[in-house]
Every structure is written in C-alpha cells, then in structure tokens.
Amino acid sequence: MKFQSVTGTKDLLPSESFLWQRIENVARSVFERFGYAEIRTPVFEDTNLFLRGIGETTDIVGKEMYTFKPSPDSDESLTLRPEMTASVMRAYLQHGLGGQFPVVKVYYIAELFRKERPQKGRYRQFWQLGAECIGSALPESDAEMIAMMMMIYDELGVTNATLKLNSLGDAETRTRYRAALRDYLRPHYERLDAVSKERFEKNPLRILDSKNPDLQEIIAGAPRILDYLDEESNAHFEAVRTYLDELGIAYSIDHRLVRGLDYYSRTAFELVSADLGAQDALGGGGRYDGLAEQLGSPKPIPAVGFASGIERLWLAMERANLLRNIPQKKPDVMLVAQSTKAQTWIMKTANEWRRKGLVVEVDLLRRSLKAQMREANRLGAKFAVIAGESELQTRKFQLKNLRSSEQTEVEEERLFDAIKAQVVESL
RNA sequence: GUGAUUGUAGCUCAGCUGGUUAGAGCGCCUGAUUGUGGCUCAGGAGGUCGCGGGUUCAAGUCCCGUCUUUCACCCCA
C-alpha cells in the first residue's frame with residue numbers, strides 16, 4: 001500500500017462514526033445543562049503559549065510537541081496544541097471575557113497532538129472533551145466541575161471507574177511538602193531506583209507515582225500532602241468533599257495524586273477505569289489558580305477544569321460492552337426501480353420525501369431488482385417501494401414492509417403518508 | 001527516546017522441520033424465480049504473502065535492514 005495514516009493516527013470510519021457522535025452528543029447535552037457554552041480555538045498557537053502554560057522543563061515541551069515554523073526563514077514558532085487549557089485561558093484573556101462575565105463557563109471537544117510513542121488508548125492525534133470554569137475560587141465550582149464530568153460518564157454508562165481526589169494546597173503548601181518529602185526520602189535514597197533518584201531532585205512528588213514494587217513500602221510511609229495544607233486550602237477541600245457527599249458522588253482520597261506544575265492549586269481529581277491497562281486514566285482535572293498570571297494576566301484569576309480522553313472513553317465503553325446497545329440510524333425506505341423510466345420516478349420521489357424528512361435510499365448502481373432488494377435488507381431499511389412498468393401506469397405501487405414481509409398495493413398519493421405513519425409508529 | 005512484539009484476500013485467521021498453480025470462515029458479486037430481501041444451495045471475483053536487500057537449485061517459511069501494529073517503560077501538562 002502506497003499511503004497509510006501516519007504512526008499514531010487513526011481513521012474514524014463510517015461504520016463507527018455514529019458511536020463517536022453518540023459520545024459527543026451525550027457530552028454536549030450534559031455541558032449545556034450545566035450552562036456551559038462551546039469554545040473553539042485554533043489547533044496551533046504561538047509556541048510560547050505552551051512554554052509558559054505548561055512549563056519549559058516538562059517532557060511535553062521538551063520532546064512531545066509538534067513545533068514548526070510558518071515558513072523556513074521565519075522567526076516565529078508555532079505548535080500544534082498539546083492541551084486545551086492554555087488555549088482557553090489565552091482566549092479568555094485576549095477577549096477580556098472576564099470583563100463581560102464574572103464567571104466564564106466553556107466546554108470543548110477538540111483534537112490535540114503529542115509526539116509520544118503510541119500505545120493502547122494513546123495516540124499522537126487524539127481527542128479530548130473537557131470544560132473550564134474561570135472566575136470562581138469557591139468550592140462550588142470544583143464540586144460542579146466534578147459533578148459534570150461524572151454525569152457524562154454516568155449517562156454513557158461508564159460506571160466501572162473510581163474517582164480519586166486530592167488537594168495540593170497553595171504554592172507554599174507544596175514547597176513545605178516537597179521539603180518534608182525529601183527529608184523523609186533522604187535516608188532511603190540508596191534504595192531508590194534510578195528514575196526515582198532523578199526525580200528526587202527534579203520533582204520528588206512524582207516518586208509517589210512510581211509503579212516499582214520495591215518502592216511501595218517506602219512510598220506507603222511517606223508524609224501526606226493533606227497534612228501540610230494551609231488553613232484555607234483545608235477548608236476548601238473539606239467544602240468540596242461535603243458537596244460531593246451531598247451530591248451522592250463517591251470518591252476516594254488519594255494523597256499520591258499530585259501535579260508537579262506550580263500553577264496548580266488545591267483540588268486535583270482523576271477518574272481511573274478498571275477496564276483499561278497502563279493507560280487507565282479516563283479523565284481528570286483540577287484547580288489552576290496560578291495559570292492566568294503565568295500567561296501575563298496582571299492579577300490572578302481562579303479557575304478549575306477537567307479533560308477526558310475520548311479514545312480511552314471509547315475503549316472503556318468497548319470493554320464494558322456499552323457500544324453494542326447504541327442504535328444506528330437506518331433508512332426508512334428504499335425505493336427500488338425496475339426500469340429506466342422508473343428510475344426517474346424514483347429520483348424525483350426520493351428527493352421529495354427526503355425534503356419532507358424521511359431517510360430514503362436509492363440504488364446508485366442500476367442493479368437488478370433482486371440486488372436492490374438485497375441492498376435494502378442489508379441497509380436495514382424498514383420499507384421498500386417497488387416501482388416498475390405496471391406501477392407507473394396504474395400509479396399504484398408495491399409497498400413492502402421488510403420487517404414483517406407484508407406487501408400491499410398503495411396509490412401514489414397515499415404512499416408517503418402510509419410510510420410516514422408506520423415509521424413514526426415504530427419509533 | 002528504551003525494550004519487546006506483530007504484519008498472509010475487505011475482515012478474522014490457517015499455512016508442519018524452506019519444496020509444485022497460497023487456503024478457510026465471514027463479507028462481496030452472480031445464479032437457483034426473465035418483478036422481490038433475509039434462510040439454504042451452486043458458482044465467481046478478490047492476494048506485489050508490509051516493503052527492500054541477502055542466503056539457497058528453491059523463501060510466505062531462514063538472515064539483515066526498514067516501515068507498521070501491539071505491550072510496557074520514560075512521560076502523562
């Protein structure tokens with residue numbers, strides 16, 4: 001084969017696109033019930049936006065971004081977006097949305113790009129659905145964000161998953177905690193693996209994430225960030241928990257759920273699926289009160305958001321057998337022609353009926369009557385109308401119900417209503 | 001980026017230690033009724049065996065490279 005899709009990218013074929021649409025429709029429906037409006041931003045941005053927004057030391061910026069120049073001799077550097085939060089905040093600041101609305105609530109369903117080695121549920125071009133709530137520092141917005149995310153999963157039927165919750169406190173909390181964690185780990189330093197040793201200096205919080213079984217004992221004894229929370233963060237966290245309890249949303253505290261970047265604060269959450277492998281995070285999010293300032297805002301702007309990988313959501317639904325029950329739109333009727341003259345009648349009639357709202361199929365290959373009937377059956381059409389010489393003369397057509405196999409003769413002017421009535425009935 | 005793994009018809013796969021025209025199921029097409037689907041039966045189309053080198057009298061089968069798939073690591077904002 002001469003051409004194929006590039007490594008880490010995937011085609012969404014017609015046979016399954018309706019499943020994808022189902023996920024999108026459920027998500028949109030929930031977002032809108034929460035009063036969130038869609039935002040669409042360009043797929044590429046000034047590279048500096050992500051350098052500032054994500055942090056220059058991270059792997060993403062270092063090796064996982066698709067960065068390019070608009071022209072060979074340009075000084076400009078552009079990057080395909082590896083995430084949405086920076087873009088949304090940029091748009092918020094650029095258009096002064098905060099000046100028009102005290103709280104801005106937006107959602108997106110967007111494709112993102114990261115140059116990672118592909119594996120299960122992880123592609124180089126992938127889709128996320130997510131939301132950002134900008135302008136409130138209060139726990140109500142955290143709780144609402146989590147509730148919204150959970151409602152989407154719930155309505156899609158994804159229930160075999162655990163919501164993990166933690167609080168990162170404020171910047172000072174993390175400084176104190178990081179110091180405490182290093183103090184704790186220092187006596188065990190020699191027992192750490194190479195990766196953890198490197199993290200010890202760079203980002204000791206990440207050591208808590210290590211999957212190395214030899215380290216679990218050490219990790220289990222590590223101090224917990226929740227014990228280092230400042231008073232306000234603690235109150236905030238308690239409030240979020242109370243709201244979740246009241247809303248009937250189950251969660252488990254996971255003090256190992258951490259985020260390394262400085263603009264994160266307080267609430268962090270993640271939904272982990274039991275049906276997936278190593279890439280088991282379905283979605284997650286948290287509070288990022290420090291991001292706006294990093295992107296040049298003169299004052300801090302509190303915000304909270306979540307994002308969810310659609311490919312992984314898909315995978316989880318597949319594993320849980322949830323994709324099988326999603327109905328596919330089938331044709332209401334197939335118009336079957338038996339001669340060239342009938343072909344003309346069919347073209348004309350199909351067009352009229354489609355205008356009036358029916359889903360009408362017509363054979364485009366001039367196949368035999370038999371083949372057209374077979375096609376009607378394969379497409380799952382509810383009815384077939386057979387038009388041949390005699391029908392055109394008598395203006396009475398054969399109407400066959402392909403479910404019951406009943407066939408009746410119907411006058412031309414009554415055909416549409418006869419089909420319409422039964423199609424509506426069968427829904 | 002590291003380590004392993006996969007690649008034969010549209011799809012899922014078989015093909016023993018290298019040996020004649022590469023097979024099956026499903027799907028697709030045609031017919032069994034010159035005006036009718038689903039079931040059954042009978043035919044049929046469809047394959048550069050990922051690609052490029054090499055070894056050999058002979059390679060889908062062995063070797064090397066490359067691309068791709070998958071799994072894990074790194075990382076996951």
Side-chain angles (χ1 to χ4, degrees), chain A residues 1-10 13 15 49-65 81-87 89 112 114-123 126 128 130 193-196 198-199 202-203 206 209-212 257-264 268 270 272 276-281 283-286 288 290-291 294 305-307 309 312 334 336-339 342 361 363 365 367-392 397-407:
Chain A
M1 206 157 317
K2 181 103 187 183
F3 291 109
Q4 55 184 312
S5 56
V6 171
T7 302
T9 65
K10 232 182 125 189
L13 300 176
S15 54
L49 174 67
F50 302 118
L51 295 184
R52 293 287 209 81
I54 295 170
E56 314 206 11
T57 59
T58 61
D59 260 40
I60 301 130
V61 166
K63 59 183 195 188
E64 293 176 7
M65 297 204 306
R81 61 188 178 198
E83 58 134 12
M84 277 302 283
T85 307
S87 295
M89 186 55 87
L112 306 175
R114 291 181 198 172
K115 201 155 53 188
E116 301 171 291
R117 199 71 165 273
Q119 66 189 70
K120 201 64 157 184
R122 173 197 263 187
Y123 298 91
F126 61 102
Q128 282 189 348
D193 55 32
V195 174
S196 296
E198 206 187 316
R199 286 171 174 169
K202 220 167 67 182
N203 190 356
R206 300 273 321 150
D209 271 349
S210 174
K211 288 166 191 159
N212 187 337
L257 179 62
V258 290
R259 299 279 150 90
L261 305 184
D262 281 341
Y263 61 75
Y264 281 105
E270 195 168 278
V272 176
L276 301 180
Q279 305 298 318
D280 63 352
Y288 49 97
L291 177 61
Q294 284 206 19
F306 90 92
R312 281 190 208 170
M334 172 131 181
V336 174
Q338 217 261 318
S339 68
E361 280 284 348
D363 181 52
L365 294 174
R367 284 178 286 188
S368 69
L369 181 66
K370 184 193 189 73
Q372 291 183 58
M373 289 301 287
R374 203 187 302 126
E375 182 70 4
N377 186 62
R378 185 181 34 218
L379 292 169
K382 299 171 190 100
F383 291 95
V385 170
I386 295 153
E389 287 307 312
S390 56
E391 283 82 358
L392 287 176
F397 293 81
Q398 297 299 322
L399 174 61
K400 182 160 191 176
N401 183 324
L402 294 175
R403 302 275 196 278
S404 66
S405 296
E406 282 176 87
Q407 184 164 320

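To find a chain, count down the sequence lines: A is the first, B the second, and so on, and within it residues start at 1.
Following rounding to the nearest Å, A:Lys115 (NZ) and B:rC76 (P) show an atom-to-atom distance of 18 Å. Taking atom CZ of residue A:Arg122 and atom P of nucleotide B:rC74, one finds them 10 Å apart after rounding to whole Å. Summarising the geometry, the separation between CZ on A:Arg117 and P on B:rG3 is reported as 9 Å, rounded to the nearest angstrom. The interatomic distance linking A:Glu116 (CD) with B:rA72 (C1') rounds to 14 Å, in whole Å.
Across A:Ile386, A:Leu402, A:Leu379, a single residue satisfies side chain to side chain contact (heavy atoms under 4.5 Å, CB included) together with A:Met334, and that is A:Leu379.
Taking 4.0 Å as the cut-off between side-chain N and carboxylate O, A:Glu116 and A:Arg122 count as a salt-bridged pair.
No donor-acceptor distance shorter than 3.5 angstrom exists from the side chain of A:Arg206 to the backbone of A:Ser196, with no hydrogens or angles considered. Between the A:Arg52 side chain and the A:Gln294 main chain, a donor and an acceptor come within less than 3.5 Å of each other. Between the side chain of A:Arg312 and the backbone N or O of A:Ala281, at least one donor-acceptor pair lies under 3.5 Å. The backbone N or O of A:Leu392 lies less than 3.5 Å from no partner atom in the side chain of A:Glu389, so there is not a single donor-acceptor pair.
For the atom pair OH of A:Tyr288 and CE of A:Met89, the computed distance is 5.0 Å after rounding to the nearest 0.5 Å. For the atom pair A:Asp363 CG and A:Gln372 CD, the distance stands at 4.5 Å (nearest 0.5 Å).
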Q: Any chance you could encode RNA chain B as dot-bracket? Rule is Watson-Crick or G-U wobble with both distances under 3.5 Å; [ ] for pairs crossing earlier ones, | for another strand.
A: ((((..(..((((.....[...)))).(((((.......))))).....(((((..]....))))))..))))....
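Taking the P atom of each, B:rG3 and B:rG60 are spaced 31 Å apart, rounded to whole Å. Comparing the P positions of B:rU30 and B:rG46 gives a spacing of 16 Å, expressed to the nearest Å.
Residue contacts for A:Gly380: at a heavy-atom cut-off of 4.0 Å it reaches no nucleic acid atom on any strand shown.
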Q. If the sugar-phosphate is the primed atoms plus P, OP1 and OP2 and the base is the rest, what is the B/S/- string for nucleotides 29-45 of chain B, using protein heavy atoms under 4.0 Å?
A. SS----BBBB-------
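Contact annotation: A:Gln119 reaches the phosphate of B:rA72 (side-chain N/O to OP1 or OP2, under 4.0 Å).
Each of A:Thr9 and A:Glu270 was assigned the nucleotide of RNA chain B with the nearest heavy atom; the assignment lying further toward the 5' end belongs to A:Thr9.
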Q: Check the pair A:Arg367 / A:Glu375 against salt bridge (Lys or Arg N to Asp or Glu O under 4.0 Å), numbers first and verdict last.
A: CA-CA 10 Å; A:Arg367 284 178 286 188; A:Glu375 182 70 4; 3.7 Å; yes
